[in-house]
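As the structure is a prediction and not an experimental result, all values here were calculated from the model. When a residue number appears, it is its place in the shown sequence, counting from 1.
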Amino acid sequence: MLTPENVVYTARATSTGGRAGHVRSEDGVVKHDLGAPAEMGGVGGTANPELLFAAGYSACYQNAFEGVAKREGIDASASTVTAEVGFGKDPGGGFGLIVTLHAAVPGLEIGQVVDLMAKAHAVCPYSKATRGNIAVTLVADPV
């Protein structure tokens, strides 16, 4: 488990107004008005927490995926990773998230991609954070 003395970077973002507000990172790199997607009764066209989570998860997971592939002598530099983050009513009450991660690698067999995905899922910090809390499905897509 990570301890405070082992932290090498801390991202800081502040939100106001909840889902219909604004989020801004301390360094100003992230600046987004927030709004509900049309599927949730909003007008769409703005960022929302699930969209931001999907962006972060896909980037982190792809980095882990490429790192695992490189350690195994496999070139996955042309890979793509897409994170789908679903939001809905939790059967236990309230709301929850579900994630599907898709990976595609030109030139690799589906079985190789499946193997790399499982290994990346074991080391990706987002995957570690969600393990046991959010259902995450791994899907190797053909190219």
Any heavy-atom pair between the side chains of [Y] and [X] that's under 4.5 Å?
X	Y	result
Val68	Ile74	no
Arg19	Pro49	yes
Ser25	Arg12	no
Thr100	Val139	yes
Leu116	Glu72	yes
Thr82	Leu101	no
Tyr126	Val99	no

Inset, instruction - With sequence neighbours excluded, tell me which residues meet salt bridge (charged side-chain N to carboxylate O under 4.0 Å, His left out) with Arg71. - result: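 If we apply the salt bridge (charged side-chain N to carboxylate O under 4.0 Å, His left out) test to Arg71, skipping adjacent residues, there are no hits.
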Inset, instruction - Give every residue pair that meets the ring pair (Phe, Tyr, Trp, His ring centres under 6.0 Å) criterion with at least one member in residues 97-125, sequence neighbours excluded. - result: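 Counting only pairs at least two positions apart or across chains, no ring pair (Phe, Tyr, Trp, His ring centres under 6.0 Å) contact touches residues 97-125.
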Inset, instruction - Could you tell me whether the side chains of Asn133 and Thr130 share a donor-acceptor contact shorter than 3.5 Å? - result: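 Judged by distance alone, the side chains do not pair up.
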Inset, instruction - Check whether the side chains of Gln62 and Ser79 place a donor and an acceptor atom closer than 3.5 Å, and report yes or no. - result: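 There is such a pair between these side chains.
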Inset, instruction - Check the hydrophobic clustering (I, L, V, M, F, W, Y; side-chain heavy atoms under 4.5 Å; chains of links allowed) and say if Val123 and Ile134 are grouped together. - result: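 Hydrophobic grouping puts Val123 with Ile134.
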Legend entry - Glu66 side chain vs Asn63 backbone, donor-acceptor pair below 3.5 Å: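 Not confirmed, Glu66 side chain does not pair with Asn63 backbone.
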Legend entry - Side chain Thr46, main chain Gly35, donor-acceptor under 3.5 Å: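 Checking the backbone N and O of Gly35 against the side chain of Thr46, a donor-acceptor pair under 3.5 Å is found.
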Inset, instruction - Mind running side chain to side chain contact (heavy atoms under 4.5 Å, CB included) on Leu97 and Glu50 for me, showing each step along the way? - result: CA-CA 8 Å; Leu97 300 175; Glu50 293 72 36; 3.9 Å; yes
Between [X] and [Y], what is the shortest heavy-atom contact and its length?
X	Y	result
Val143	Ala104	CG2-CB, 3.7 Å
Ala103	Val81	CB-CG2, 4.2 Å
Asp75	Val105	O-CG1, 4.4 Å
Ala118	Tyr61	N-OH, 4.4 Å
Pro106	Ala78	CD-O, 3.5 Å
Ile98	Ala135	CG1-O, 3.5 Å

Legend entry - From CA spacing to verdict: side chain to side chain contact (heavy atoms under 4.5 Å, CB included), Thr16, Val23: CA-CA 7 Å; Thr16 56; Val23 65; over 6 Å; no
Inset, instruction - Check the pair Leu138, Met117 against side chain to side chain contact (heavy atoms under 4.5 Å, CB included), reporting the backbone distance first and the verdict last. - result: CA-CA 7 Å; Leu138 306 177; Met117 289 186 79; 3.8 Å; yes
Legend entry - Pairwise distance OG(Ser58) to CD(Glu84) - rounded to 0.5 angstrom: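 Going from OG on Ser58 over to CD on Glu84, the span is 11.0 Å.
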Inset, instruction - Kindly say whether the aromatic ring centers of Phe95 and Phe87 come within a distance under 6.0 Å. - result: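 Under 6.0 Å, so yes.
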Inset, instruction - Carefully, step by step, assess Ser127 and Tyr57 under the rule side-chain hydrogen bond (donor to acceptor under 3.5 Å, both in side chains). - result: CA-CA 8 Å; Ser127 292; Tyr57 202 162; 2.8 Å; yes
